[in-house]
Amino acid sequence: MLPFEISPLLPLLESCKTIKQAFQVHAQIILNGFQHHVFPISRLISFFALLGSEEGLNYSQIIFCQIEQPNQFIYNTMIRGFSHSKFPEKALVFYSSMLHQVNQSPNNFTFPFLLNSCARLSTLKPGIQVHSHIIKFGFDLDLYVGNALMHFYSVFKHLNDARIVFEGSLVRDLVSYNTMINGYGLVGRPGPALRLFRKMQESGIVPDEFTFVALLSAFSSLDDSRIGKQIHGFVYRNPSCVDSNGLLKAAILDMYAKSGLMDLADRVFSSMASNKSTAAWSSMISGYARRGETAAARRMFDQMDRRDLICWTAMISGYSQSGQYSEALELFAQMEYLGIRPDECTMAAVLSACAGLGALSLGERLHGRYIGGQLCSQNIILSTALIDMYSKGGKIDSSLHMFHRIPKGLRTVSLFNSMISGLAQHGLGKSALAVFREMESVGLGPDSVSFVAVLSACSHSGLIEEGKELFRSMLDVYGIRPHKEHYGCMVDLLGRDGCLDEAYDLIRSMPFEANSVIWRALLGACKLRGNVKIGEVAAQKLIELEPDHGAHYVLLSNMLANTNKWEQAVRVRKLMEDKGIQKPPGWSYTEFQGTIHWFLASDKSHLQDKRIESMLQDMAMQLKSAGYVPNTAQVVFDIDEEEKETVVSYHSEKLALAFGLVNSSTGETIRIMKNLRVCGDCHSAFKLLSKIYCREIIVRDASRFHHFKNGCCSCKDFW
DNA sequence: GGTCAGCAGA
């Protein structure tokens with residue numbers, strides 16, 4: 001029996017709404033000398049521990065320390081409180097102190113809380129130990145404990161272990177099924193999820209909205225929308241399916257948006273009337289963006305009243321994935337201006353836009369500002385985006401440094417692919433092969449993307465035999481059927497080795513029609529080797545496949561011009577002009593003090609800056625005195641030599657270099673991005689200029705990187 | 001005193 005004096009305090013404690021009121025009740029308890037009465041103290045601890053705030057937890061811990069012999073309930077309360085907190089590992093500390101106390105042992109209430117804490121840790125181990133305690137203390141057949149165990153194993157994607165618990169359980173309820181269905185969805189196994197749903201119906205357990213939400217999410221990663229539609233129909237026909245907070249409707253909408261069925265998605269969206277959640281808006285935005293309809297996505301985005309971070313991220317990544325990098329960065333700038341702090345997902349999308357543009361200094365700034373060292377090695381998608389950004393921004397050393405800092409157990413196939421393809425673009429074929437082998441040695445099987453990366457590494461570095469062997473092994477060893485991209489790499493590889501006939505034969509032996517990428521690879525090799533016969537075939541195919549693409553006409557006419565077939569060259573040029581096709585303008589840009597400076601070929605508007613003009617003259621003079629003769633072979637027009645020299649000296653990359661030279665000093669690195677492949681003349685000139693002006697020049701062109709240093713280029717004139 | 005609770009962005 002409680003002493004009668006305490007009874008007025010208990011209802012007071014029950015009715016506490018704020019932490020302040022609870023402090024007052026605690027003060028009253030102490031003033032009245034009840035601080036050692038188990039019951040009121042238990043209630044107080046429970047109140048503070050379950051408030052959900054750090055302050056509450058700290059306070060409950062202070063009270064806890066003052067109790068000589070905490071009972072089971074108090075221990076469970078502390079474990080429960082910390083299981084939801086920022087420090088789930090503290091729950092384990094309380095559990096362990098509970099075990100050390102004489103006459104104290106856990107009960108069936110202890111383990112669900114404890115497992116919940118374990119599910120939120122970064123390692124699996126403590127949870128497994130807890131599982132053995134559960135068996136030792138004989139709670140393995142408790143329904144709640146079993147469900148919590150399934151949840152714990154699901155979180156770590158150990159569905160087989162979750163399944164063992166499920167199969168071993170004597171009683172199963174809605175929660176058991178929902179947990180398992182969710183778990184299978186989490187690991188992308190919709191098949192078992194659906195089978196469990198059927199089993200659940202056979203057992204007479206009525207599904208709730210969470211069951212359907214879990215099922216829909218399990219199926220949303222699939223391209224097939226049939227099951228999704230069936231679920232929609234099932235829900236529609238069964239009025240018993242309550243959807244009290246609209247979760248289910250939002251899940252159905254998301255399913256349609258993910259399947260690209262925007263008409264159906266829009267119908268559900270409209271039916272939400274004024275209850276549209278930001279989640280629903282996000283689903284719509286990313287649905288449109290995924291189909292490349294960024295304008296439609298943007299219209300939705302602009303219509304929103306209140307945008308949360310996820311909407312911003314959805315729109316930014318929509319732009320990024322559609323290759324609209326500038327738009328992505330512009331929107332991000334707006335977001336920053338509004339003071340919205342990005343998270344890892346936003347950063348991954350923004351960094352991929354930086355990678356696309358080669359906006360290294362912006363990428364570096366974002367890395368420094370928003371991403372700490374620890375965070376980037378933990379979030380593997382972000383690390384992959386950073387590695388890609390540094391590679392494509394020209395800093396392959398930084399990519400490698402990041403890659404090596406990522407713990408081996410966290411590395412994924414995508415991460416390896418990103419690293420291999422970075423090394424490939426920089427012509428570091430041997431290193432790319434080594435990383436590829438490393439991926440295999442840690443037990444990660446290469447996928448189709450890995451092979452594109454490693455084969456292109458071989459072709460960019462002239463590793464002919466290695467490339468051929470890898471291509472053969474794709475199907476024989478790894479069971480991966482080569483796609484067009486892989487054939488494209490092989491055509492490139494053979495072409496660069498001068499085996500043009502072999503490359504042409506490979507194209508003819510392919511089990512599908514060659515696409516423009518493959519023909520372009522062949523044409524590029526023909527141009528390099530001066531093989532007009534096969535080159536013409538390739539160019540004709542390209543013109544057939546992409547008649548509006550000016551670059552093909554230019555390549556063909558350049559090749560004809562290179563072999564002095566001027567008349568034919570002019571004819572091709574004329575054909576292009578008659579069709580009204582414009583040559584794609586060559587442009588280059590370079591970043592300076594965080595701003596991007598664009599340069600168009602022969603466009604002299606930016607030459608208002610006299611310093612660039614005079615630098616160009618200085619460059620020409622220096623080159624001449626170094627004995628350099630401009631290579632004007634790629635200028636097709638039948639104009640005199642002096643004029644041709646003027647044309648090549650105004651190529652966009654030369655203008656960008658002049659700008660870079662004006663704005664840098666000896667020993668610095670100049671980075672230039674170009675939309676087309678760097679021309680032969682610029683390539684030779686840049687080699688000499690890197691020596692003359694003592695600068696490292698890094699050029700990213702349409703196919704790879706060129707590091708010009710001390711008179712040489714990393715591509716060894718092979719590109 | 002309790003277990004699940006991915007409808008949204010990489």
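The sequence lines fix the lettering, A, B, ..., with proteins before strands; numbering per chain opens at 1. Heavy-atom basis, side chains included; hydrogens, waters and symmetry copies ignored.
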- Message: Looking at B:dG1 and A:Phe109: do their rings stack (centroid distance under 5.5 Å, interplanar angle under 30°)?
- Response: yes
- Item | Euclidean distance for C1', B:dA10 against B:dG6 (whole angstrom) | 15 Å
- Message: Side-chain N or O of A:Thr278 versus OP1/OP2 of B:dA8: is the shortest distance under 4.0 Å?
- Response: no
- Looking at every strand, decide which applies to A:Asn76 at a 4.0 Å heavy-atom threshold: base, sugar-phosphate, or nothing. base
- Task: Would you mind reporting whether A:Leu216 and A:Ile227 have side-chain heavy atoms less than 4.5 Å apart?
- Result: no
- Message: What's A:Ile316 touching, base or sugar-phosphate or nothing? Going by heavy atoms closer than 4.0 Å.
- Response: nothing
- Message: What is the distance, to the nearest angstrom, from the CG atom on A:Asp142 to the C1' atom on B:dT3?
- Response: 9 Å
- Message: If only side-chain N and O atoms count, and only distance matters, is there a donor-acceptor pair under 3.5 Å linking A:Ser391 with A:Asp388?
- Response: no
- How long is the line joining CG of A:Leu51 and C1' of B:dG1, in whole Å? 16 Å
- Test ring-ring contact (aromatic ring centres under 6.0 Å, His included) on A:Trp312 and A:Phe301 and set out the steps. CA-CA 8 Å; A:Trp312 283 93; A:Phe301 181 81; 5.0 Å; yes
- Message: Any base atoms under 4.0 Å from A:Arg43, or only sugar-phosphate, or nothing? Heavy atoms, all strands.
- Response: nothing
- Atom-pair distance (CE on A:Met150; P on B:dC4), nearest Å: 12 Å
- Query: When you measure from the side chain of A:Pro112, which nucleotide among B:dA8, B:dC4, B:dG2 comes out closest?
  - Reply: B:dG2
- Item | Any A:Arg80 side-chain N or O less than 4.0 Å from OP1/OP2 of B:dT3 | no
- What orientation do A:Phe234 and A:Phe212 show, parallel under 30°, tilted 30 to 60°, or perpendicular over 60°? tilted
- With heavy atoms under 4.0 Å as the rule, sort A:Ala279 into base, sugar-phosphate or nothing. base
- Message: Is the positively charged end of A:Arg80 above the ring of A:Phe94, judged by distance under 6.0 angstrom from the centroid and angle within 45° of the axis?
- Response: no
- Task: Could you check how far OH of A:Tyr256 sits from P of B:dA8, rounded to whole Å?
- Result: 16 Å
- ring centroid sep under 5.5 Å plus plane angle under 30, A:Tyr144 with B:dG2: yes
- Task: Whole angstrom is fine here: how far is it from CG in A:Leu50 over to P in B:dG1?
- Result: 12 Å
- Message: Students often get this wrong, so: under 4.0 angstrom with heavy atoms, is A:Asn178 touching a base, only sugar-phosphate, or nothing?
- Response: base
- Task: When you get a sec, tell me which of B:dG9, B:dA10, B:dT3 is the closest nucleotide to the side chain of A:Leu309?
- Result: B:dG9
- Winner on side-chain proximity to A:Phe210, out of B:dA10, B:dG1, B:dA5, is B:dA5
- Check every atom of B:dG9, B:dC4, B:dG2 against the side chain of A:Arg290 and return the nucleotide holding the closest atom. B:dG9
- Of the nucleotides B:dT3, B:dA5, B:dA8, which one has an atom closest to the side chain of A:Asp308? B:dA8
Kindly list each side-chain donor-acceptor pair under 3.5 angstrom involving residues 289-298 of chain A, sequence neighbours excluded, with atom names and distances?
unit_1	atom_1	unit_2	atom_2	d
A:Arg291	NE	A:Glu293	OE2	3.0
A:Arg291	NH1	A:Gly260	O	2.6
A:Arg291	NH2	A:Glu293	OE2	2.8
A:Thr294	OG1	A:Gln324	OE1	2.6
A:Arg298	NE	A:Asp302	OD1	3.1
A:Arg298	NE	A:Asp302	OD2	3.4
A:Arg298	NH1	A:Tyr319	OH	3.2

- Note on the structure: Rounded to whole Å, CE of A:Met98 lies from C1' of B:dG1 at a distance of 13 Å
- Item | Minimum side-chain heavy-atom gap A:Phe111-A:His133 below 4.5 Å | yes
- Message: With hydrogens left out and only the distance checked, is there a donor-acceptor pair under 3.5 Å joining A:Asn116's side chain and the base of B:dG2?
- Response: no
- Item | Nucleotide B:dG6, atom C1' - distance to NE2 of A:His151 in whole Å | 11 Å
- Task: Would you indicate what A:Ala214 reaches in the nucleic acid, counting non-hydrogen atoms under 4.0 angstrom: base, sugar-phosphate, or nothing?
- Result: sugar-phosphate
- Task: Describe the nucleic acid contact of A:Phe111 in one word from base, sugar-phosphate, nothing, applying a heavy-atom distance below 4.0 Å.
- Result: nothing
- Message: Looking only at the side chain of A:Ser282 (C-beta and beyond, no hydrogens), which of the listed nucleotides B:dG1, B:dG2, B:dA8 gets closest?
- Response: B:dA8
- Message: Among B:dG9, B:dG1, B:dA8, which nucleotide has an atom closest to any side-chain atom of A:Asp343?
- Response: B:dG9
- Would you mind classifying the nucleic acid contact of A:Ser46 as base, sugar-phosphate or nothing, using non-hydrogen atoms under 4.0 angstrom? nothing
- Message: I want to verify a distance call: between B:dA5, B:dG2, B:dA8, whose nearest atom is closest to the A:Val145 side chain?
- Response: B:dG2
- Select base, sugar-phosphate, or nothing to describe what A:Lys276 touches, counting heavy atoms under 4.0 Å on all strands. nothing
